[in-house]
Amino acid sequence: MKKIFAMLVAVAFLAAAGFVYAMPKAPAEAIVVKSAKMKKPPVTFEHSKHKFDCAKCHHKWDHKGEPKGCESCHKDKKDGKKLSIKDAAHKTCRGCHRGMKKAGKKTGPTKCSACHKK
Ligand code: HEC
Ligand code: HEC
Ligand code: HEC
Ligand code: HEC
């Protein structure tokens with residue numbers, strides 16, 4: 001019984017290690033999210049403050065290679081089901097912050113000027 005348990009632990013450990021090594025790393029430095037035609041001040045995004053599943057934001061990521069920036073698909077204007085970059089960002093970013101705030105959890109900003117910092 002002990003042996004089986006030790007084996008299970010080893011297998012679980014190896015699986016976890018393999019999973020970690022197969023994961024691409026999120027950029028360590030802050031990213032300034034801005035598009036060409038922006039009127040509002042740009043938004044600073046830090047992966048280090050967002051340790052969630054990558055696919056939570058990079059929702060079209062194939063789990064291979066590096067995820068692509070949102071603007072490679074979301075443009076200035078809505079295109080069919082593809083939201084504009086503004087709506088896509090607001091739904092993902094502000095949506096999560098608002099939801100967590102409502103639930104009484106520590107989260108990111110929900111006010112315009114707290115994200116669009118001059
Ligand atoms: C809370 C949302 C969120 C999470 C979680 C997240 N990212 Fe990101 N990531 C972004 C945003 C926003 C950008 C900037 C996109 C842009 O500039 O269009 C970005 C950019 C990137 C880029 C640069 C893409 C480019 O071409 O500029 C890489 C690589 C990346 N993320 C990898 C990861 C990995 C790996 C994980 C999981 C460990 C992860 N991200 C988790 C939101 C997130
Ligand atoms: C490879 C293309 C691609 C990339 C990259 C991409 N999206 Fe999308 N996104 C789409 C498409 C296509 C849709 C339309 C709905 C669907 O097919 O899921 C969509 C829909 C959405 C929606 C609406 C989902 C809903 O519930 O209606 C949000 C929000 C969103 N994207 C946010 C983002 C954010 C934030 C990023 C960057 C972190 C991003 N997307 C990167 C293609 C992409
Ligand atoms: C799944 C939930 C979730 C999503 C999606 C998300 N955030 Fe956050 N955000 C958080 C949480 C939780 C914190 C608080 C982290 C902390 O203080 O450690 C945070 C903190 C922040 C902060 C404040 C950082 C600081 O210096 O204190 C900014 C700015 C921010 N988020 C911007 C964004 C932007 C821009 C996006 C979209 C690209 C985004 N967030 C998407 C949950 C989310
Ligand atoms: C949680 C962070 C966050 C909050 C809060 C937020 N935004 Fe944004 N907003 C973003 C991100 C990220 C983008 C995408 C930037 C880009 O265009 O690449 C964006 C894009 C935009 C754009 C399109 C680009 C431009 O400047 O023309 C407008 C307009 C905008 N936001 C206005 C607002 C207003 C008004 C509010 C308050 C009601 C607000 N935002 C609140 C993160 C935020």
Side-chain angles (χ1 to χ4, degrees):
M1 194 59 201
K2 250 190 189 161
K3 235 184 191 166
I4 292 172
F5 181 70
M7 242 168 72
L8 283 177
V9 169
V11 167
F13 179 77
L14 286 176
F19 178 70
V20 168
Y21 285 121
M23 288 276 288
K25 280 213 174 74
E29 63 288 351
I31 297 181
V32 179
V33 192
K34 60 175 184 208
S35 43
K37 290 185 190 158
M38 258 178 111
K39 292 178 213 108
K40 286 261 164 198
V43 178
T44 303
F45 175 78
E46 290 172 89
H47 278 92
S48 61
K49 302 230 163 112
H50 294 88
K51 304 239 152 126
F52 302 103
D53 179 3
C54 316
K56 191 140 200 155
C57 299
H58 299 285
H59 67 113
K60 292 288 186 193
W61 181 44
D62 57 3
H63 291 81
K64 290 175 222 131
E66 291 210 322
K68 288 201 191 80
C70 319
E71 278 166 66
S72 57
C73 296
H74 294 276
K75 307 296 182 190
D76 281 343
K77 291 210 172 76
K78 187 172 187 276
D79 172 14
K81 274 190 171 173
K82 252 188 285 169
L83 303 179
S84 66
I85 180 69
K86 175 185 163 186
D87 291 344
H90 286 172
K91 192 162 185 182
T92 299
C93 313
R94 202 174 39 176
C96 175
H97 294 172
R98 275 185 177 161
M100 288 184 78
K101 196 180 169 194
K102 256 195 191 157
K105 292 187 184 139
K106 183 178 190 276
T107 189
T110 54
K111 279 196 190 136
C112 316
S113 60
C115 274
H116 296 279
K117 271 192 188 155
K118 283 221 177 86

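For ligands, and for the atoms within them, numbers begin at 1 and follow the listed sequence. Sequence positions, counted from 1, serve as the residue numbers for this chain.
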* Asked: If we only count N/O pairs under 3.5 Å, is Lys91 in contact with ligand 2?
  -> yes

* Asked: Which ligand 3 atoms, with their elements, are less than 4.0 angstrom from a heavy-atom of Val43?
  -> 35 (C)

* Which heavy atom of the protein is the closest neighbour of atom 15 (C) of ligand 3, given with residue, atom name and distance? -> Lys49 O, 3.6 Å

* Decide whether the shortest distance between a heavy atom of Cys57 and an atom of ligand 2 is less than 4.0 Å. => yes

* Asked: Between SG of Cys73 and CG of Leu83, what distance do you get to the nearest 0.5 Å?
  -> 12.0 Å

* Determine, considering heavy atoms only, which of Cys112, Ser84, Pro42 sits nearest to atom 37 (C) of ligand 4. => Cys112

* With rounding to the nearest 0.5 Å, note down the distance linking NZ in Lys106 to CE in Met100. => 9.0 Å

* To do: Provide the closest heavy-atom pair for Ser72 versus Gly69 in the form atom of the first, atom of the second, distance.
  => OG-O, 2.7 Å

* Report yes or no: does a heavy atom of Gly95 sit under 4.0 Å from some atom of ligand 2? => no

* Asked: Any idea which heavy atoms bring His58 and Lys68 closest together, and the distance?
  -> ND1-O, 3.5 Å

* Structure fact -> Note: His97, heavy atoms under 4.0 Å from ligand 4, region reported as side chain

* If hydrogens are left out, which of Glu71, Lys37, Lys86 has an atom nearest to atom 29 (C) of ligand 4, that is, the closest non-hydrogen atom? -> Lys86

* **Atoms of ligand 4 close to Cys93 [distance to a heavy atom under 4.0 angstrom, numbered from 1]** => 1 (C)

* Asked: Quick one: nearest non-hydrogen protein atom to atom 16 (C) of ligand 4, plus distance?
  -> Ser35 OG, 3.4 Å

* Would you check whether Thr44 has a nitrogen or oxygen atom less than 3.5 angstrom from a nitrogen or oxygen atom of ligand 3? => no

* Nearest to atom 11 (C) of ligand 2, what protein heavy atom do you find, and at what distance? -> Lys82 CG, 3.2 Å

* Asked: When rounded to the nearest 0.5 angstrom, what is the spacing between SG in Cys70 and NZ in Lys82?
  -> 12.5 Å

* Relative to the heavy atoms of Ile85, which atoms of ligand 4 are at a distance of less than 4.0 Å? -> 16 (C), 17 (O), 18 (O)

* Counting from 1, what ligand 3 atoms have a heavy atom of Lys56 closer than 4.0 Å? -> 1 (C)

* How close do His74 and Ala88 get, heavy atom to heavy atom, and via which atoms? -> ND1-CB, 3.6 Å

* Asked: Is there a side-chain contact between Pro24 and Trp61 (heavy atoms, below 4.5 Å)?
  -> yes

* For Ile85, which of Lys75, Lys77, Glu71, His90 qualifies under side chain to side chain contact (heavy atoms under 4.5 Å, CB included)? -> Glu71

* Asked: In terms of ring plane angle, is the pair Phe52 and His50 parallel, tilted or perpendicular, where the classes change at 30° and 60°?
  -> tilted

* **Expected output: side-chain His97 to main-chain Thr110 donor-acceptor under 3.5 Å** => no

* Asked: Rounded to the nearest 0.5 Å, what separation is found between the SG atom of Cys96 and the NZ atom of Lys56?
  -> 6.5 Å

* Asked: Should the proximity of His116 to ligand 4, defined as any heavy atom under 4.0 Å, be assigned to the side chain, the backbone, both, or neither?
  -> side chain

* Could you tell me which atoms of ligand 4, counted from 1 in the order shown, lie closer than 4.0 angstrom to a heavy atom of Thr110? => 5 (C)

* **Residue and atom name of the nearest protein heavy atom (relative to atom 20 (C) of ligand 3), distance in Å to one decimal** => Gly108 CA, 3.3 Å

* Asked: Of the listed options (His90, Lys40, Met38), which comes nearest to atom 21 (C) of ligand 4 when hydrogens are ignored and any heavy atom counts?
  -> His90

* Structure fact -> Rounded to the nearest 0.5 Å, the SG atom of Cys54 sits from the NZ atom of Lys25 at a distance of 12.0 Å

* Structure fact -> Contact region, Pro109 to ligand 4, non-hydrogen atoms below 4.0 Å, reads backbone

* Structure fact -> Note: ligand 3 atoms sitting under 4.0 Å from heavy atoms of Lys106 are 12 (C), 16 (C), 17 (O), 18 (O)

* Are the side chains of Thr107 and Arg98 in touch, meaning some heavy atoms are under 4.5 Å apart? -> no

* State the atoms of ligand 2, each with its element, that fall below the 4.0 Å cut-off from a heavy-atom position in Lys81. => 14 (C)

* Going by the order shown, which atoms of ligand 3 are within less than 4.0 Å of some heavy atom of Thr92? -> 5 (C)

* Structure fact -> The closest protein heavy-atom partner of atom 23 (C) of ligand 2 is Leu83 CD1, 3.5 Å

* Which residue from Ala89, Ser113, Cys70 reaches closest to atom 14 (C) of ligand 4 through any of its heavy atoms? -> Ala89

* To do: Number the atoms of ligand 2 from 1 as they appear, then name those within less than 4.0 Å of a heavy atom of Gly69, with their elements.
  => 5 (C)

* **Protein contact of atom 3 (C) of ligand 4 - nearest heavy atom, named by residue and atom, plus distance** => Cys115 SG, 2.8 Å

* Enumerated ligand 2 atoms positioned under 4.0 Å from heavy atoms of Ser72 -> 5 (C)

* Nearest-0.5 Å distance that lies between atom NZ in Lys78 and atom NZ in Lys86 -> 14.0 Å

* Structure fact -> Ala88 heavy atoms within 4.0 Å reach ligand 2 at atoms 29 (C), 30 (C), 32 (C)

* So which heavy atom in the protein is nearest atom 2 (C) of ligand 3, and how far is it from that ligand atom? -> Cys96 SG, 1.8 Å

* Give the atoms of ligand 3, by number and element, whose distance to some non-hydrogen atom of Met100 is under 4.0 Å. => 12 (C)

* Checking side chain to side chain contact (heavy atoms under 4.5 Å, CB included) against Pro42, which of Lys118, His116, Lys117, Lys34 comes through? -> Lys34

* Consider every N or O of His59 and every N or O of ligand 2, then say whether any pair is closer than 3.5 Å. => yes

* Structure fact -> The closest protein heavy-atom partner of atom 42 (C) of ligand 2 is Lys60 CG, 3.6 Å

* To do: Please confirm whether Lys39 comes within less than 3.5 Å of ligand 4 when only nitrogen or oxygen atoms on both sides are compared.
  => yes

* Taking N or O atoms only and a 3.5 Å limit, does His74 qualify as a polar contact for ligand 2? -> yes

* Got the closest protein heavy atom to atom 1 (C) of ligand 2, with its distance? -> Cys73 SG, 2.7 Å

